[in-house]
Amino acid sequence: MTAARDTWTMVRRNLRHMQRYPSLTFMLVLMPVVFLLLFVDVFGTTLGNGLGQLARGRGAYANYVTPAILLLTVATASTATAISVATDMTEGIIDRFRTMAIWRPSVLAGHVVGSMVQALLTVVVVTLVAVMVGFRPAGTALGWVAAVGVLVMIIFALTWLSVALGLAAKTVEAASNSPMFLTLLPFLGSGFVPASSMPTALRIFATYQPFTAFTDTLRGLLSGGAIGNHALVSVGWCAAIAAAGYVWAVTRYNSTAVVVRAQ
C-alpha cells in the first residue's frame with residue numbers, strides 16, 4: 001500500500017506540472033501536426049501517386065503517413081520526459097525526496113506514468129487532426145484496440161529510455177537534446193516512404209531499425225492489412241528497450257543516491 005500511495009502521489013505531482021505548463025504539451029502537439037500538414041497537404045498528392053498501390057493521391061498518402069506521425073508524436077514526447085527528469089535531478093528536489101520516508105522507486109514510476117499520460121493525450125489530439133486532413137483508417141474495432149495497445153507498449157518502452165537519458169544528462173539543456181535521435185528514426189524507416197525505395201545502405205538500416213516494425217504494425221492494424229511478423233518484432237524491440245531503459249535508469253538513480261550520501 002505504501003508503494004502504491006507514494007507512486008500515485010508522484011504521478012499527481014507530474015500531472016500537476018503538466019497542467020501548470022500547458023505550453024510544453026502544446027509544443028509536443030505542434031511539431032507532429034506541422035509535419036502532418038506539410039507531408040499531406042504539400043507533398044501528399046505526389047508522394048501518394050508514387051506509393052505503387054491501388055489507392056493513389058493525397059488521401060492514400062494521409063493513410064500511409066499517419067502511423068509514422070503518431071510515432072513521431074511519441075518520440076517527441078520523450079524529450080519532455082528527459083527534460084522533466086533532468087530538471088528534478090538538477091534542482092535538488094530529488095535530494096529532498098531521499099530524506100523523506102517514501103518508497104524510493106516511486107519517483108521514477110511517477111515520471112513514467114505521468115509521461116505516458118501526456119504522450120497518450122498528444123497522440124489523441126494528433127489523431128483527431130489527422131482525421132480532419134483526410135486520414136480514413138479501414139481497420140476493424142479490434143484492430144483499433146490492438147493499435148492502441150501497441151502504442152501504449154511503445155510509449156512505455158520509450159518513456160523508460162527517456163527517463164534514463166534524463167538521469168544521465170548533466171544539464172537540462174543536454175537532456176533536451178539527448179532523445180533527439182528518437183525523432184529522426186521515423187524518417188529513416190518506412191514511415192514516410194517505402195523502405196524499398198531507399199539506397200541500399202539506408203534500406204538495410206531502415207529494414208532492421210525498430211521504428212520500421214512499429215510503423216508497419218500500426219499501419220497494418222489501422223488499415224486492416226496484413227502485419228506479418230512486424231508485431232512480434234515490435235514486441236521484442238519494446239521489451240529490449242524497456243528493459244535496458246529500466247536497468248539504466250534504476251542503476252543511475254541508485255548510484256546518484258550513493259554519491260549524495262557519500263558527500
Side-chain angles (χ1 to χ4, degrees), residues 32 35-36 39 47-48 50-56 59-78 112 116 119-120 123-124 126-127 130 135-162 164 179 181-248:
F35 277 111
L36 176 67
F39 277 90
L47 292 174
L51 291 177
Q53 301 174 352
L54 294 178
R56 299 165 65 88
Y61 191 69
N63 291 335
Y64 183 87
V65 80
T66 295
I69 295 295
L70 297 181
L71 290 173
L72 180 63
T73 305
V74 174
T76 303
S78 66
V112 170
M116 289 184 67
L120 286 171
V123 165
V124 170
V126 173
T127 302
F135 177 48
R136 297 296 181 268
T140 63
L142 183 60
W144 269 89
V145 172
V148 171
V150 170
L151 277 171
V152 171
M153 177 179 65
I154 295 170
I155 291 171
F156 179 77
L158 295 186
T159 299
W160 269 114
L161 177 59
S162 301
F181 72 96
L182 294 174
T183 63
L184 295 177
L185 289 178
F187 294 96
L188 301 177
S190 62
F192 293 83
V193 296
S196 59
S197 66
M198 299 176 180
T200 302
L202 185 56
R203 182 173 67 249
I204 294 173
F205 175 80
T207 300
Y208 295 104
Q209 63 115 328
F211 275 80
T212 292
F214 296 163
T215 304
D216 291 342
T217 301
L218 283 178
R219 185 177 290 135
L221 292 172
L222 294 175
S223 66
I227 59 176
N229 67 339
H230 295 304
L232 290 177
V233 174
S234 296
V235 171
W237 270 114
C238 286
I241 294 171
Y246 172 81
V247 171
W248 186 12

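Each residue takes its place number in the sequence, starting with 1. Just the heavy atoms: all of them, side chains too, but no hydrogens, waters or symmetry mates, feed the values below.
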Test ring pair (Phe, Tyr, Trp, His ring centres under 6.0 Å) applied to Tyr64 and Phe39, step by step: CA-CA 11 Å; Tyr64 183 87; Phe39 277 90; over 10 Å; no
Test side-chain contact (heavy atoms from CB on, under 4.5 Å) on Trp248 and Leu161 and set out the steps. CA-CA 8 Å; Trp248 186 12; Leu161 177 59; 4.3 Å; yes
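Using a 4.5 Å heavy-atom cutoff, the side chains of Phe214 and Leu151 are not in contact. Between Pro186 and Thr215 the shortest side-chain heavy-atom distance does not fall below 4.5 Å.
Nearest heavy-atom pair across Ala195 and Ala206 is CB-CB, 4.1 Å. The two residues Leu221 and Ile227 come nearest to each other via the heavy atoms N-CG2, 3.9 Å.
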Sequence neighbours left out, cut at 3.5 Å: what donor-acceptor pairs do the side chains of residues 231-243 make with other protein atoms?
residue : atom : partner : partner atom : Å
Ser234  : OG   : Ala213  : O            : 3.1
Ser234  : OG   : Thr217  : OG1          : 3.1
Ser234  : OG   : His230  : O            : 2.8

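Remark: Leu188 CG to Leu202 CG distance equals 6.0 Å, nearest 0.5 Å. Taken to the nearest 0.5 Å, the CD1 atom of Ile69 stands 12.5 Å off from the CG atom of Leu218. Residue Leu182 holds its CG atom at 4.5 Å from OG of Ser78, rounded to the nearest 0.5 Å. Between the CZ atom of Phe211 and the CG atom of Asp216 there is a distance of 13.0 Å, given to the nearest 0.5 Å. With values rounded to the nearest 0.5 angstrom, Leu72 atom CG is found 12.0 Å from Thr66 atom OG1.
Annotation: side-chain hydrogen bond (donor to acceptor under 3.5 Å, both in side chains) contacts involving residues 138-160, sequence neighbours excluded, are absent. Contacts classified as side-chain hydrogen bond (donor to acceptor under 3.5 Å, both in side chains) and involving residues 194-205 (residues at least two apart or in different chains) are not found.
In this structure, Arg219 contributes its side chain and Ser190 its backbone to a donor-acceptor pair below 3.5 Å. Asn63 contributes no side-chain N or O that, together with a main-chain N or O of Phe135, makes up a donor-acceptor pair within less than 3.5 Å.
Checked against the 6.0 Å centroid threshold, Phe35 and Phe192 do not count as a close aromatic pair.
Within 6.0 Å of CZ on Phe181 lie more than 12 heavy atoms contributed by other residues, nucleotides or ligands.
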